[in-house]
There are 2 protein chains.
Amino acid sequence: MKNNIKTLRAAFQLTQSDLAEKIEVSRQTVNAIEKGKFDPSLPTAFRLAAVFNCSIEELFIYESEE
Amino acid sequence: MKNNIKTLRAAFQLTQSDLAEKIEVSRQTVNAIEKGKFDPSLPTAFRLAAVFNCSIEELFIYESEE
DNA sequence: TTTAAATGTAAAGCAAACTTTACATTTAAA
DNA sequence: TTTAAATGTAAAGTTTGCTTTACATTTAAA
């Protein structure tokens with residue numbers, strides 16, 4: 001699963017800490033999701049999409065797992 | 001988080017087992033998601049949306065947690 | 001009305017999402 | 001060029017998504 005969080009976060013001029021606060025997760029979680037270390041939960045994905053005013057599908061690119 | 005899986009599954013004439021097979025989870029997992037016992041992972045949500053040819057936002061209704 | 005399919009649910013265990021703490025590295029402003 | 005903010009990352013622990021096994025209940029077809 002790829003995502004456009006880093007780009008959008010920059011466009012919205014938010015630090016990882018700012019974004020973490022908005023979506024109510026830790027800064028490390030934002031970093032990990034952004035870097036593709038793991039996928040967010042569905043609720044977290046919804047909150048991210050809300051912050052960036054876009055759909056989950058616009059934020060995340062699903063690629064069938066291996 | 002509410003969802004329309006039961007309705008859509010009926011419309012597509014799929015059993016919980018059928019759907020489980022399609023999205024590659026266990027039947028119990030489909031049942032639990034359908035009954036709102038827990039939220040699916042983001043990859044599972046993507047696969048569900050793909051089966052029903054709709055968006056994740058059309059399938060799941062996000063409600064801020066308590 | 002009997003039988004089979006479908007659904008509901010529970011327990012034990014594993015895996016992944018997330019936390020906190022902590023520290024090292026990069027970036028950018030003074 | 002020093003300093004602070006921002007980012008990267010790691011370890012240990014908690015929570016939750018999901019599995020398998022197992023069985024009970026509901027639904028529907030014969």
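For the numbers below, each heavy atom of this structure counts, side chains included, while hydrogens, waters and symmetry mates do not. All chains are named by letter (A, B, ...) in the order of the sequence lines, taking the proteins before the strands, and each is independently numbered beginning at 1. Keep in mind that this is a model prediction, so the values were computed, not measured.
Residue pairs that meet the salt bridge (charged side-chain N to carboxylate O under 4.0 Å, His left out) test with at least one member in residues 31-51 of chain A, sequence neighbours left out, are A/R9-A/E34, A/R47-B/E65. For residues 50-62 of chain A, no pair satisfies salt bridge (charged side-chain N to carboxylate O under 4.0 Å, His left out), with sequence neighbours left out.
Shown for residues 2-14 of chain A: residues whose heavy atoms fall under 4.0 angstrom of DNA chain D, namely A/K6, A/R9. If you check residues 26-49 of chain B against DNA chain D, the residues with a heavy atom closer than 4.0 Å are B/S26, B/R27, B/Q28, B/T29, B/I33, B/F38, B/D39, B/P40, B/S41, B/T44, listed by number.
The nucleotide range of DNA chain D contacted by chain A, defined by atoms under 4.0 angstrom from heavy atoms of the protein and reported 5' to 3', is D/dA6 to D/dA10.
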What verdict does the side-chain contact (heavy atoms from CB on, under 4.5 Å) test give for A/I5 and A/F60, after you've listed the backbone C-alpha separation in whole Å, the side-chain angles of each residue and the deciding distance to 0.1 Å? CA-CA 8 Å; A/I5 296 173; A/F60 297 93; 4.1 Å; yes

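Partners of A/F46 under the ring-ring contact (aromatic ring centres under 6.0 Å, His included) rule, at least two apart in sequence or in another chain, are B/Y62. Residues satisfying the side chain to side chain donor-acceptor pair (under 3.5 Å) criterion with A/T15, sequence neighbours excluded, are A/D18. A search for side chain to side chain donor-acceptor pair (under 3.5 Å) contacts involving B/N31 returns B/Q16, not counting sequence neighbours. B/F12 is linked by a ring-ring contact (aromatic ring centres under 6.0 Å, His included) to B/F52, counting only residues two or more places apart in sequence or in another chain.
B/V51 has its side chain within reach of B/L14: a pair of non-hydrogen atoms, C-beta onward, lies under 4.5 Å apart. Using a 4.5 Å cut-off on side-chain heavy atoms (C-beta onward), B/L48 and B/L19 make contact. Annotation: side chain of A/T44 is not in contact with side chain of B/L42 (no heavy-atom distance under 4.5 Å).
Rounding to the nearest 0.5 Å places CD1 of A/I33 at 10.5 Å from CE of A/M1.
One end of the helix from C/dT1-D/dA30 to C/dA30-D/dT1 points its axis 50° away from the other end's axis, with each axis taken from 5 pairs and the angle rounded to 10°.
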What pairs of donor and acceptor atoms, side-chain ones from residues 20-27 of chain B against any protein atom, are under 3.5 angstrom apart with sequence neighbours left out?
residue : atom : partner : partner atom : Å
B/S26   : OG   : B/T29   : N            : 3.2
B/S26   : OG   : B/T29   : OG1          : 3.0

